[in-house]
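Below is one structure, written out as structure tokens, with a few remarks after it.
Each residue takes its place number in the sequence, starting with 1. When a ligand or atom number is given, it counts from 1 through the structure's own listing order.
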Amino acid sequence: MNTSPLLQCNDVRKAFPKPDGAELLVLEGMNLELREGQIVGLLGRSGSGKSTLLRLIAGLAEPTAGHLRYLGQPICGPAPGIAMVFQSFALFPWLTVFENVALGLEAQRMPRADIRKRSLAAIDLIGLDGFESAYPRELSGGMRQRVGFARALVVHPNILLMDEPFSALDVLTAETLRTDFLDLWGEGRMPIKGVILVTHNIEEAVLMCDRILVFGSNPGRILSEIKVSLPQPRNRLEPNFRELVERIYVEMTARPQGGASARQERFPGLGIGSQLPQVSSNLLAGLMETVAAAPFNGTADLPKIASDLQMEIDELFPVAETLQMLRFAELEGGDLKLTEEGLAFAHAALDERKRIFSRHLLTYVPLAAHIRRVLDERASHSARKSRFIDELEDFMSEEAADQTLRAVLRWARYAEAFAYDDENAMFSLENPT
Ligand code: ADP
Ligand code: MG
């Protein structure tokens, strides 16, 4: 028996060139091993490099440094033993389910009868029996995703890579497909030996994986590795399950460890060239109100808020982090704790809220302060958007600069700190209302 791991990544690093010639570091110090019989989860927020790592493993891109090995051999180009399932599948609309699945085997010179047999077996296995001659448009989203699974399984890969395969489905369809997948896996009925599952859904990772690598961002790296030894089938409501979910929230909100600077990082400082997330003032106010009120009374457990408000981590974390950036909350140990000002905001009436928000925006978001200063200093109290875009482009792409300006503008409008006229692309001090 071959005892090499199915897959090994050693010290993998990936950087992309930026327009200005500098490099964008996306993955650093990636070490990972997949052994037979394992489902390994890559869990992290959007932008933490999960898909990039999957593309490296699939042989669709090359690392900037480090090594990737499949069955002990360096990966160079797509390996026949590694197949991928994506969030949503590009099925060919003019081909039937059978033809879409069989397509996976066309590249391998195989007798037609074998192609037929294998394709029908994959279709049957994944629960599409009877739909062989249906066209994609006749299928529901869940069924189409099953075709995607069948197309990956039909090649009998050793490793199945899954990139957020359930995230485009509605809640119930996703859960059914997860359960079916785990049943087939548990019964050893799928022609695969190991799985890597990319997800941004904490519960999904705990439900499905034997081991979870928690990713951090900027650059993407592994923050921690969590072993899940709960027996399958797992129950989301069980205390041990909840405890793991809680622990992962704690990991994902942990501040970077470090000597003297650790204290300052309670509120990570921003530069003028920091990218800002798109978070509406409504969401910020709403979260502060929720946490200020009973039963939280100022401090809330993030997993609890996520489930109460039905927010995914990619929605909740940006809001929580924006509150932290504005010093309306502290984020630690999986808890969100409102600061005194955050509580004051939550209990204030609209006018007072705007005043508090404006003060924090202009104090803690350097870009907002900068725009305001420029407008204050000019006799016209106005300035072109292009001027700020140019400044931001020293730090980020044009698209990111545009989004960042949009983000700061949304907050400034709420705070009545400054305004913007879309028609002539000018910032001004005039209050639009
Ligand atoms: P995730 O899957 O965790 O959401 P990705 O791997 O898609 O993250 O992206 C990680 C980062 O790498 C993002 O900032 C993204 O913009 C950047 N990135 C991904 N692919 C490229 C590319 N081909 N060129 C430049 N930047 C890229
Ligand atoms: Mg991705």
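Under the 3.5 Å distance criterion, with hydrogens and angles disregarded, no donor-acceptor pair is assigned to the side chains of Q278 and R406. Counting only N and O atoms by type, the side chains of D163 and S51 include a donor and acceptor under 3.5 Å apart.
The residue from V250, L207, N240, V206 that alone fulfils the side-chain contact (heavy atoms from CB on, under 4.5 Å) condition with V245 is V206. When each of M110, R151, H156 is paired with L105, the side-chain contact (heavy atoms from CB on, under 4.5 Å) condition holds for M110 and for no other. Evaluated for a side-chain hydrogen bond (donor to acceptor under 3.5 Å, both in side chains) with K385, the options D422, D402, N424 yield exactly one hit, D402. The side-chain hydrogen bond (donor to acceptor under 3.5 Å, both in side chains) test with H200 is passed by exactly one of E312, K50, R45: E312.
E187 CD: more than 12 foreign heavy atoms inside a 6.0 Å radius.
With sequence neighbours excluded, the residues forming a side-chain contact (heavy atoms from CB on, under 4.5 Å) with Q8 are P5, N10, E33, R69, listed by chain and number.
For the pair T322 and M325, the minimum side-chain heavy-atom distance is below 4.5 Å. By the 4.5 Å heavy-atom criterion applied to side chains, L7 and I196 are counted as neighbours.
The closest non-hydrogen atom to atom 2 (O) of ligand 1, taken over S397, G220, S51, comes from S51. Considering only non-hydrogen atoms, atom 9 (O) of ligand 1 lies nearest to T52 out of T52, N218, V198.
For atom 27 (C) of ligand 1, a protein heavy-atom neighbour is present inside the 4.0 Å cut-off. Protein heavy atoms are found less than 4.0 angstrom from atom 6 (O) of ligand 1.
Atom 3 (O) of ligand 1 has K50 NZ, 2.8 Å as its closest protein atom, hydrogens excluded (heavy atom only). Scanning the protein heavy atoms around atom 18 (N) of ligand 1, the nearest turns out to be F16 CE1, 3.6 Å. Regarding atom 16 (O) of ligand 1, its nearest protein heavy-atom neighbour is L24 CD2, 4.9 Å.
The shortest N or O to N or O distance between G47 and ligand 1 is under 3.5 Å. Checking only distances, G49 does come within under 3.5 Å of ligand 1, N or O to N or O.
Atom CE of M162 is separated from atom CD of E164 by 11.5 Å, given to the nearest 0.5 angstrom.
In summary, the atoms of ligand 1 found under 4.0 Å from a heavy atom of R45, numbered by their order in the structure, are 3 (O). Of all atoms in ligand 1, listed by their number and element, those nearer than 4.0 Å to a heavy atom of V26 are 10 (C), 11 (C), 12 (O), 17 (C).
Within the sub-2.8 Å shell of the Mg ion (ligand 2), the protein contributes these N/O/S atoms: S51 OG.
With F166 as the aromatic partner, R178 meets the cation-pi criteria of under 6.0 angstrom to the ring centre and within 45 degrees of the ring axis.
Within the structure, the closest approach of S48 to ligand 1 falls below 4.0 Å when heavy atoms are considered.
Residue H200 does not touch ligand 1, judged by heavy-atom distances below 4.0 Å.
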